[in-house]
Engineer: 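Quick one: the structure is below, questions incoming.
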Amino acid sequence: MAGCCWMVSQRLLLSPPPGHVSLNSSSALISSTPLPFSLGSRSRSRARARFSNALSVSASSTLQALIFDCDGVILESEDLHRRAYNDAFSHFNVRCLSSPSQDPLNWDSHFYDQLQNQIGGGKPKMRWYFKEHGWPSSTIFDTPPEDDGDRAKLIDILQDWKTERYKEIMKSGTVETRPGVLRLMDETKAAGIKLAVCSAATKSSVILCLESLIGIERFQGLDCFLAGDDVKEKKPNPSIYQTAVQKLGVSEKECLVVEDSVIGLQAAAGAGMACVITYTSSTADQDFRDAIAVYPDLSNVERLGVVASKCCPCQLVNASHPLKLVTCK
């Protein structure tokens, strides 16, 4: 959307049918809360610059589907997954020969933040780590596995155990959804817009997560649910969102994705979908310039939607100010 600078308003609006507002290719803008916050070490000007590059949406499209990622969007799950991995490494006494420590492998918070923001999916994370740091010994294999079959078996066993441990944490009753998620889901369904969840995580763990956090009724009311098991390639590969489009029966230009990381943003963009970011403490410093809006959470997002102006290619809809003109260069 070259040549446009846009003003940030206070809320997003989701225009319910039958009066959907069309998304114009030159003005597919989504309003957001002002930017009083600091994103890590980045300057305020650079943070605002993220908003200047909206994704293109076809002029004939209307918003037909809202798609949520799960981990990091519906709940802040990074540390929960990290704990489950470390418990698995400890349980199977996983030791990399390159490590100076005699203790089982343990991913600290800083390292895991970097790892999960670069590699999607649990098995790819472990495979990458073991390739970089050496395949480990464990109670599964006394010596580091050398052939591809044994290495795949090691990763499968670790991932399965980690998934069960993650389920135990989810069942503990101590985990909550991120602010604004449930309300936005309910408003989306009430507006007649399709609702989906697409996660790179293991299907059984995502189902448990959704049933525990959003409730069985909301989970069963989803128009589409996909997990890492349902596609061959993990995010940032766009296949999970491409599959969702087929299942939802809509165009990619009629979808809006909510993600928390640049990996998810790349997957959505690769599928031709507009993406809103609701970042976490571990993803706040990432480059979200291709997102159409960036939020610390969804608590101030009332409803989602966009409007195109005939007199100016950039206009926003605000809950208190129905039409708020932005300046075009």
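The structure presented is a predicted model; accordingly, all values stated were derived computationally and were not measured.
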Engineer: Return yes if a side-chain donor-acceptor contact under 3.5 Å exists between Q286 and S261, otherwise no.
Structural biologist: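 Note: Q286 and S261 side chains miss the donor-acceptor criterion.
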Engineer: Would you please name every residue forming a salt bridge (Lys or Arg N to Asp or Glu O under 4.0 Å) with D150, sequence neighbours left out?
Structural biologist: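 D150 satisfies salt bridge (Lys or Arg N to Asp or Glu O under 4.0 Å) with no residue once adjacent residues are dropped.
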Engineer: Classify the ring geometry of H91 against W161: parallel below 30°, tilted from 30° to 60°, perpendicular beyond 60°.
Structural biologist: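 If you compare the ring of H91 with that of W161, the planes turn out parallel.
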Engineer: If hydrophobic clusters are built by linking Ile, Leu, Val, Met, Phe, Trp and Tyr wherever their side-chain heavy atoms come under 4.5 Å apart, do I263 and V258 end up in the same one?
Structural biologist: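 No, it is not one cluster - the side chains of I263 and V258 are not joined through contacts under 4.5 Å.
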Engineer: When you compare the side chain of V175 with that of L80, does any pair of heavy atoms fall below 4.5 Å?
Structural biologist: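 SC-SC contact between L80 and V175 confirmed.
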Engineer: Please say which of I67, L66, T188 ends up in a side chain to side chain contact (heavy atoms under 4.5 Å, CB included) with L256.
Structural biologist: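 It is L66; the other options fail the test.
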Engineer: Side chains of S172 and T174: is there a donor and an acceptor less than 3.5 Å apart?
Structural biologist: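 S172 vs T174: donor-acceptor pair found between side chains.
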Engineer: Would you say F89 and I119 are hydrophobically clustered, going by side-chain heavy atoms of ILVMFWY under 4.5 Å?
Structural biologist: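 Per the 4.5 Å side-chain linkage, F89 and I119 are co-clustered.
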Engineer: Mind running side chain to side chain contact (heavy atoms under 4.5 Å, CB included) on D186 and R218 for me, showing each step along the way?
Structural biologist: CA-CA 8 Å; D186 292 343; R218 285 191 187 90; 2.8 Å; yes
Engineer: If you group Ile, Leu, Val, Met, Phe, Trp and Tyr by side-chain heavy-atom gaps below 4.5 Å, do V94 and L115 land in one group?
Structural biologist: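 Shared cluster, yes.
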Engineer: Do C70 and C209 have side chains that approach each other closer than 4.5 Å (heavy atoms only, starting at C-beta)?
Structural biologist: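 They are in side-chain contact.
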Engineer: Using a 4.5 Å cut-off on heavy atoms from C-beta on, say whether the side chain of V245 contacts that of M273.
Structural biologist: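 Yes, their side chains come closer than 4.5 Å.
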Engineer: Taking C-beta and beyond as the side chain, do C224 and L226 meet within less than 4.5 Å on heavy atoms?
Structural biologist: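 Contact flag for C224/L226 side chains = yes.
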Engineer: Should the pair R178-D260 be classified as a salt bridge under the 4.0 Å nitrogen-to-oxygen rule?
Structural biologist: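 Salt bridge absent between R178 and D260.
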Engineer: Do T177 and L75 have side chains that get closer than 4.5 Å, going by heavy atoms?
Structural biologist: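 They are not in side-chain contact.
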Engineer: Between W135 and F141 (judged by ring centroids, cut-off 6.0 Å), do the two rings come close enough to count as a pair?
Structural biologist: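 No, the ring centres sit 6.0 Å or more apart.
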Engineer: Using a 4.5 Å cut-off on heavy atoms from C-beta on, say whether the side chain of F225 contacts that of V206.
Structural biologist: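 Touching, per the 4.5 Å side-chain cut-off.
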Engineer: Is there a side chain to side chain contact (heavy atoms under 4.5 Å, CB included) between I277 and L265 once you walk through the steps?
Structural biologist: CA-CA 8 Å; I277 291 292; L265 173 59; 4.2 Å; yes
Engineer: Could you tell me if T62 and E254 have a donor-acceptor pair between their side chains, going purely by distance under 3.5 Å?
Structural biologist: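 No - no donor-acceptor pair under 3.5 Å links their side chains.
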Engineer: A side-chain contact here means heavy atoms from C-beta on lying under 4.5 Å apart; do V262 and T283 qualify?
Structural biologist: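 Counting from C-beta outward, V262 and T283 never come under 4.5 Å.
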Engineer: Charged N to carboxylate O below 4.0 Å: is that the case for E259 and K235?
Structural biologist: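 Yes.
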Engineer: Are K189 and D223 ion-paired here, with the side-chain N under 4.0 Å from a carboxylate O?
Structural biologist: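 Yes.
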Engineer: Which value, rounded to the nearest 0.5 Å, describes the distance between L154 atom CG and S138 atom OG?
Structural biologist: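 If I round to the nearest 0.5 Å, the distance is 5.0 Å.
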Engineer: Yes or no on side chain to side chain contact (heavy atoms under 4.5 Å, CB included) for Q159 and M126, after CA distance, side-chain angles and deciding distance?
Structural biologist: CA-CA 9 Å; Q159 183 66 31; M126 287 189 286; 3.4 Å; yes
Engineer: Does the ring center of F111 lie less than 6.0 Å from the ring center of Y129?
Structural biologist: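 Yes.
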Engineer: Looking only at side-chain N and O atoms, does S99 offer a donor or acceptor that is under 3.5 Å from a partner on S101?
Structural biologist: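 Short answer, no.
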Engineer: Counting neighbours of CG on D147 that are heavy atoms of other residues, nucleotides or ligands and sit closer than 6.0 Å, is the number greater than 12?
Structural biologist: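 Enclosed: over 12 neighbouring heavy atoms sit under 6.0 Å from CG of D147.
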Engineer: Would you kindly check if the NZ (Lys) or CZ (Arg) of K162 is within the cone defined by 45 degrees around the ring axis of Y166 and under 6.0 Å from the six-membered ring centre?
Structural biologist: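 Relative to the ring axis of Y166, which defines the angle, K162 lies inside both limits.
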Engineer: So that I can tick it off, tell me whether D113 and R82 are bridged by a salt bridge, with the cut-off set at under 4.0 angstrom between side-chain N and carboxylate O.
Structural biologist: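 Salt bridge absent between R82 and D113.
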Engineer: Would you kindly confirm whether L182 and I193 end up in one hydrophobic cluster when ILVMFWY residues are joined by side chain heavy atoms under 4.5 Å apart?
Structural biologist: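 Per the 4.5 Å side-chain linkage, L182 and I193 are co-clustered.
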Engineer: Just so I know, are the side chains of Q64 and K194 near enough to count as touching, which here means a heavy-atom distance under 4.5 Å?
Structural biologist: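 Contact flag for Q64/K194 side chains = no.
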Engineer: Identify, with sequence neighbours excluded, every residue that meets salt bridge (Lys or Arg N to Asp or Glu O under 4.0 Å) alongside E164.
Structural biologist: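 Here the qualifying residues are K167.
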Engineer: Is it true that atom CD of E132 has more than 12 heavy atoms of other residues, nucleotides or ligands lying nearer than 6.0 Å?
Structural biologist: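 Atom CD in E132 is packed in, count exceeds 12.
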